[in-house]
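The block underneath contains the structure these notes are about, expressed in C-alpha cells.
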Amino acid sequence: MMDLIQQAFFGILEPALIEEIEDVATVRFFNEGDIIIDFGQYIKVMPLLLEGAIKIIRQDEDEGELLLYYVEKGETCTMSIACCVGDKKSEIRAQAEMKTTVALVPNRYLDDWLAKYPSWRNFILASYSSRMDEMLGAIDNLAFMNMEERILNHLQDKVKLLDNRILTLTHQQIASELNTSRVVVSRILKSLENEEKILLLRNEIRVLI
DNA sequence: ACATTAAGTGATT
DNA sequence: AATCACTTAATGT
C-alpha cells in the first residue's frame with residue numbers, strides 16, 4: 001500500500017524523502033463526492049495526491065460556488081500549505097472528483113523538509129507556480145469567455161482529467177461548478193449538440209470534439 | 001401506478 | 001444570462 005507513494009512521487013521527490021513520508025504520512029481513501037477539506041476548517045495536515053483527482057471550489061456565503069482547479073496525482077493543494085504555515089482557516093473546499101487516495105503529512109514536517117530536502121523545496125515552489133497559472137486560467141475564463149466557451153472548456157477539462165469522452169453528470173452539476181443556472185446550461189448544451197460538438201443523454205454527455 | 005429527479009422551452013427582465 | 005413557470009421524459013419504489 002505504501003508503494004503508492006513511491007509510484008506517485010518517484011522522480012519528483014528524492015528517495016530519502018519518500019521514505020520519510022512513508023514513515024509519517026497517513027494514507028486515506030475517498031470516494032467520488034467526498035469532501036476532503038471544507039470551508040473554515042483548520043488544516044493541520046498537508047495532502048499529497050496518490051491517485052485520482054480532487055476539485056478545489058471557492059464558495060460565497062449564499063451558496064454561490066465556483067470551481068477553481070483540479071489537483072491530480074503527484075501534486076499537492078497549495079492552499080493547504082498556506083493554511084498550514086499561517087495557521088489559518090481554509091478558504092476553499094476540496095472535494096473528490098473520483099475515487100481518490102491521499103497521503104496526509106502532519107504540518108510540522110513541512111518546515112523541516114524545506115531545509116533538508118532540495119526536491120521538497122522545488123516541489124513546493126513548482127506547485128505554487130503551477131497553481132498560480134491555473135488561477136490565471138480561471139480568471140481569464142471568467143473575464144474573457146462567454147458561457148458557451150466556458151461550458152465547452154469545462155467539459156473538455158473533465159474529459160482530459162477522466163480520460164473518457166463520456167461524462168456522467170447532470171446539467172445542474174455543471175451549473176453549480178460554473179456558478180450559473182441549470183436552465184442556461186441546458187440551453188447551451190442543446191446548442192452545442194446542434195453544432196455536433198457533443199451528444200446529450202440523460203445523466204450523460206459525450207464530448208465529440 | 002405514483003413520486004421524484006433530470007431536462008426542455010417560452011416568456012419576461 | 002437569469003428567473004419563472006410549466007411541460008415532458010426517465011427512473012426509482
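We name chains A, B, ... by the order of the sequence lines, and we start the count at 1 in each one.
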Exercise. Roughly how bent is the helix from B/dA1-C/dT13 to B/dT13-C/dA1 end to end, in steps of 10 degrees, with each end axis from five pairs?
Worked result: 10°
Exercise. Which pairs with one or both residues in residues 39-55 of chain A pass side chain to side chain donor-acceptor pair (under 3.5 Å), sequence neighbours excluded?
Worked result: A/Glu51-A/Thr101, A/Lys55-A/Glu177
For this session: Could you tell me the separation between the CZ atom of A/Arg182 and the CG atom of A/Leu189, rounded to the nearest 0.5 Å?
Result: 10.0 Å
Exercise. Do any of residues 141-159 of chain A sit with a heavy atom less than 4.0 Å from DNA chain C, and if so which?
Worked result: A/Asn146, A/Met147
Seminar exercise, completed: Its 5'-most and 3'-most nucleotides having an atom under 4.0 Å from a non-hydrogen atom of chain A, DNA chain C is contacted over C/dA1 to C/dT11
Exercise. How many Å lie between CG on A/Leu167 and C1' on B/dA6, as a whole number?
Worked result: 17 Å
Problem set entry | Side chain proximity check, A/Lys99 to A/Phe30, heavy atoms < 4.5 angstrom | no
Seminar exercise, completed: Taken in chain and number order and not counting sequence neighbours, the residues that satisfy side chain to side chain contact (heavy atoms under 4.5 Å, CB included) with A/Phe39 are A/Gln59, A/Arg93
Exercise. Which residues in residues 173-186 of chain A have at least one heavy atom lying under 4.0 Å from any atom of DNA chain C?
Worked result: A/Thr180, A/Ser181, A/Val183, A/Val184
Exercise. Is A/Ser129 reaching over with its side chain to a backbone N or O of A/Leu125, donor-acceptor style, under 3.5 angstrom?
Worked result: no
Between the protein and nucleotides 3-5 of chain B, list the N/O to N/O atom pairs that are separated by less than 3.5 angstrom.
{"from": "B/dT5", "atom 1": "O2", "to": "A/Arg202", "atom 2": "NH2", "distance (Å)": "3.2"}

Seminar exercise, completed: Hits for side chain to side chain contact (heavy atoms under 4.5 Å, CB included) against A/Val184, two or more places apart or cross-chain, chain-then-number order -> A/Met147, A/Thr180, A/Ser181, A/Ile188
For this session: Mind checking ring-ring contact (aromatic ring centres under 6.0 Å, His included) for A/Tyr109 and listing every partner two or more places apart, or none if nothing turns up?
Result: A/Trp113
Seminar exercise, completed: For A/Val71 and A/Leu49 the tightest heavy-atom approach is O-CD2, 3.4 Å
Without placing hydrogens or testing angles, list every side-chain donor-acceptor pair under 3.5 Å for residues 198-207 of chain A, not counting sequence neighbours.
{"from": "A/Glu204", "atom 1": "OE2", "to": "A/Arg206", "atom 2": "NE", "distance (Å)": "2.8"}
{"from": "A/Glu204", "atom 1": "OE2", "to": "A/Arg206", "atom 2": "NH2", "distance (Å)": "2.9"}

Problem set entry | Comparing A/Arg187 and A/Leu201 on DNA chain B - which has the more 5′ nearest nucleotide | A/Leu201
Exercise. When you look at CZ of A/Arg28, are more than 12 heavy atoms from neighbouring residues, nucleotides or ligands closer to it than 6.0 Å?
Worked result: no
Problem set entry | Partner residues of A/Thr78 under the side chain to side chain contact (heavy atoms under 4.5 Å, CB included) criterion, sequence neighbours left out | A/Ser127, A/Tyr128, A/Arg131
For this session: With the side chain counted from C-beta on, respond yes when A/Leu114 and A/Trp120 share a heavy-atom pair under 4.5 Å apart, and no when they do not.
Result: yes
Exercise. For A/Asp163, which residues count as a side chain to side chain contact (heavy atoms under 4.5 Å, CB included) partner, sequence neighbours excluded?
Worked result: none
